[in-house]
Amino acid sequence: MSEFLNVAEIFGENVFNDTVMQERLPKKTYKKLKEVIEEGKELDLETADVVAHEMKEWAIEKGATHYTHWFQPLTGVTAEKHDSFITAPMSNGKVLMSFSGKELIKGEPDASSFPSGGLRATFEARGYTAWDCTSPAFVRQDAAGATLCIPTAFCSYTGEALDQKTPLLRSMEAINEQSLRLLKLFGNTTSKKVTPSVGPEQEYFLVDREKYLKRKDLIFTGRTLFGAMPPKGQEMEDHYFGAIRERIAAYMKDVNKELWKLGVSAKTQHNEVAPAQHELAPIYAEANIAVDHNQLVMETLKKVAGRHGMTCLLHEKPFAGVNGSGKHNNWSITTDDGINLLDPGKTPHENIQFLLVLTCILKAVDKHADLLRESAADVGNDHRLGANEAPPAIISVFLGEQLQDVLSQLISTGEATRSLKGEVLQTGVKTLPDFMKDATDRNRTSPFAFTGNKFEFRMVGSNDSIAAPNVVLNTIVAEAFAEACDVLEKADDFDMAVHDLIKEQATEHQRIVFNGNGYSDEWVAEAERRGLPNIKSMVDAIPALTTDKAVNVFEKFGVFTKAELESRVEIQYENYAKAINIEARTMIDMAGKQIIPAVIKYTTSLANSINAVKAACDADVSVQTELLTETSDLLSDAKTALAKLIEATDKAAAMEEGREQAVCYRDDVKAAMDALRAPVDKLEMIVDKEMWPMPSYGDLIFEV
């Protein structure tokens, strides 16, 4: 019998959350810290010292011996340096355990080895981590023992953001300020803070670890670079929401337990479309906490998989021919007193505040579609976007029938007088209950879909931080709100002005709204007619970061400086080139050291068999001869393609880092990789399985 798990008891037990702070901190200290968290007041060192002491005592009770400033540099993963709580030995040889407010507030890691995109010279080593007190500290328990993890921002000695967290916090301040301006225009004087809330859905694959360790491509790149499709893939659609196998269920149970202890509200779990693919989704949290939690989710998925003899793959496309993995970013804006600015109510046509918010968002997405697309740009995501398994690379907004109808009324007549209602769902079965269905269906082909009281940005890759898309969303919507407030604050007749502004924005930005099939060729042509950008690759998306309009919006709200944006462009080109270079070198290694020798061994065995048969009798060996010829021809093709890949990779690697090199990797090296894969995948279908040097797709995705 499985152990009983009381979720209410364990949830958040390893988090220095509000309940713990109320219990352990003096009332005066608690009050001051809450003012810092909720009102943005400055934290004094005296308060920090008290908090640090109580945090240390709490962590030691949890078994912690070390603490770390846990941060998110521009490497795609988290970073940490561990320090023990011990002080210098005293005269009696004993040590004390201490942790000061200064150590809590500020850390000093070596910034020289983290990506900076030219912001820092290599010899300029100093960087700072600064405590993000709005995201609670936690104790992480693993094979290393227990460690107190303090979420922090990471910046250079001269103040530039070197991480994901700093611009996110800046963007949250921007949308808070502009949202409060907008709410004040509608007479709201009670809401004191507006926060973007995020709920990221996380897709992932699980494979058997022994098989994983026999695939160099999975080890070095996170995806299979070779592999023929098995007789069955996902075409039967029987895996999606299917019964969860016991091995996977045991894994999910442990993942949930780990996450719940860390205060991550893991809510939903199920099998996804592709074999061996699954999904986990949490309940909403404030944007910066949601970003931290999603990093913990990814780390936990990988860590727990090892305990169960499996490996978790977070690459966007680990297997060709079956669905890849994404991360739907559900985004909304909520006040501190519980008002969701994206809740249309029962009669959206009468909800003027909502209609203004909605049309401002349409304006923001239309104006900055390229920037939003760039926020989801990733090497692995290039395999998904526009491939009929993820949203197209064209940004559009799905509103659904109800809001589309309201918008059409506003555009055509200037007045919205009705809202479509949900109808009773008729099942035709008397024993099934009748219930009201939603007024709007969902559209899984839309990159940016309104889903009731939130927008779902479906483009984000499964391996990416959700910080970047939320930085963009917060900032561009803050700009749209600010521009609306600039107009309305000067208006003599507010009601007339807001009416005109809603109609104007709906009319000018209706091109971004599309409720149809985003996978269709017709939509590609229609989007081009509308003038919507169709950015198909990461390399083409990167320049959006430094257009004049991008620099203006980010600098206006203090989210990025131009120098910080230029550094991120350089980092992105460099990351793209490095990722493709690793993939190409891995293919070269696998083809030269494993695949070609295995095929030679097979053809030699086949040739010897043919000669033996001929020597023994006068039997017909035409089939064997035909097979030998086909295999030898493919082997020759593979050898030729390998030589061309080596040449293309060496040429690209010798180029100066930057856009030109990234373009070379995309156009030349990737084409050479495809040319090598084609004959190798055909060979896999011919060569004796016992001789093939690595597990097949069937072994990996059906034998978990």
Shortest non-hydrogen separation from T334 to S197 and the atoms involved: OG1-OG, 3.7 Å
Residue list, salt bridge (charged side-chain N to carboxylate O under 4.0 Å, His left out) with E526, at least two apart or on another chain: R529, R530
Contact summary for N340 and S332, nearest pair of heavy atoms: OD1-CB, 4.0 Å
Within the 6.0 Å centroid threshold, strictly below: Y665 and Y576: no
Spacing of CG belonging to L371 relative to CG belonging to L545, to within rounding of 0.5 Å: 6.0 Å
Sub-4.5 Å side-chain heavy-atom contact between N329 and V198: yes
Student check: side-chain heavy atoms of W331 and I361 closer than 4.5 Å: yes
Test side chain to side chain contact (heavy atoms under 4.5 Å, CB included) applied to R568 and F560, step by step: CA-CA 10 Å; R568 278 157 172 76; F560 285 118; 3.2 Å; yes
Exam field: side chain R384 to backbone S325, donor-acceptor pair closer than 3.5 Å: yes
More than 12 heavy atoms of other groups within 6.0 Å of E528 CD: no
Distance-only polar pair, side chains of Q164 and Q295, donor-acceptor under 3.5 Å: no
S179 side chain to N176 backbone, donor-acceptor under 3.5 Å: no
Side-chain (N470) to main-chain (I466) donor-acceptor, under 3.5 angstrom: yes
Side-chain (R677) to main-chain (G227) donor-acceptor, under 3.5 angstrom: yes
Between T134 and N288: side-chain donor-acceptor atoms closer than 3.5 Å: yes
Check: Q402 and P348 side chains under 4.5 Å, non-hydrogen atoms: yes
Residue pair E479 / F557, side-chain heavy-atom distance below 4.5 Å: yes
Contacts of type side chain to side chain donor-acceptor pair (under 3.5 Å), residue D464, not counting sequence neighbours: none
Minimum side-chain heavy-atom gap T546-F554 below 4.5 Å: no
Intermediate values then yes/no, side chain to side chain contact (heavy atoms under 4.5 Å, CB included), Q277 and E203: CA-CA 7 Å; Q277 187 185 33; E203 295 177 344; 3.9 Å; yes
CG/D486: more than 12 non-hydrogen atoms of other groups inside 6.0 Å: yes
Derivation and outcome, side chain to side chain donor-acceptor pair (under 3.5 Å), residues N330 and E201: CA-CA 8 Å; N330 295 282; E201 304 166 28; 3.1 Å; yes
S191/D337 under side chain to side chain donor-acceptor pair (under 3.5 Å): CA gap, chis, key distance, verdict: CA-CA 6 Å; S191 298; D337 48 356; 2.8 Å; yes
Distance, nearest 0.5 Å, that separates CG of D382 from OG of S537: 5.5 Å
Set of side-chain contact (heavy atoms from CB on, under 4.5 Å) partners for Q269, sequence neighbours left out: M252, N256
K670 vs E583, salt bridge (charged side-chain N to carboxylate O under 4.0 Å, His left out): CA-CA, chis, key distance, verdict: CA-CA 9 Å; K670 283 187 71 177; E583 289 187 352; over 6 Å; no
Minimum heavy-atom distance between L313 and G222, given as atom pair plus value: CD2-O, 4.3 Å
Short side-chain to backbone donor-acceptor contact, R659 and D540, under 3.5 Å: no
K562 vs D548, salt bridge (charged side-chain N to carboxylate O under 4.0 Å, His left out): CA-CA, chis, key distance, verdict: CA-CA 10 Å; K562 185 177 182 181; D548 288 343; over 6 Å; no
Atom pair CD/CG of Q404 and N515 - distance to nearest 0.5 Å: 5.0 Å
Nearest heavy-atom neighbours spanning S135 and D292: OG-OD2, 2.5 Å
Whether E564 side chain and A161 backbone form a donor-acceptor pair below 3.5 Å: yes
Stepwise side chain to side chain donor-acceptor pair (under 3.5 Å) check, D366 with Q510: CA-CA 9 Å; D366 186 20; Q510 60 182 307; over 6 Å; no
Heavy-atom check, side chain of E483 versus side chain of K363, under 4.5 Å: yes
Working for side chain to side chain contact (heavy atoms under 4.5 Å, CB included), residues L185 and V498: CA-CA 10 Å; L185 288 168; V498 74; over 6 Å; no
Shortest non-hydrogen separation from P275 to F702 and the atoms involved: CG-CZ, 3.7 Å
Aromatic plane relationship, F455 with F448 - under 30° parallel, 30 to 60° tilted, over 60° perpendicular: parallel
From NE2 (H499) to CD (E504), nearest 0.5 Å: 12.0 Å
Polar contact flag, side-chain donor to acceptor under 3.5 angstrom, N188-T190: yes
4.5 Å side-chain heavy-atom contact, L280 and H278: no
Interatomic distance, T347 atom OG1 to F354 atom CZ [nearest 0.5 angstrom]: 11.0 Å
Side-chain donor or acceptor of S462 paired with backbone N/O of L314 under 3.5 Å: yes
Any side-chain heavy-atom pair of E374 and V472 under 4.5 Å: no
S265 (side chain) donor-acceptor with I283 (main chain) under 3.5 angstrom: yes
K549/D370 under salt bridge (charged side-chain N to carboxylate O under 4.0 Å, His left out): CA gap, chis, key distance, verdict: CA-CA 11 Å; K549 64 184 176 71; D370 58 340; 2.7 Å; yes
T224-Y697 side chain donor-acceptor pair, cut-off 3.5 Å: yes
Residues, nucleotides or ligands: over 12 heavy atoms within 6.0 Å of K267 NZ: no
Nearest-0.5 Å distance that lies between atom CD in E272 and atom CG in N323: 7.5 Å
Minimum-distance pair of heavy atoms, taken over all atoms of A484 and L356: CB-CD1, 4.4 Å
Side chain to side chain contact (heavy atoms under 4.5 Å, CB included) between L532 and W523, intermediate numbers included: CA-CA 11 Å; L532 300 179; W523 167 233; 3.7 Å; yes
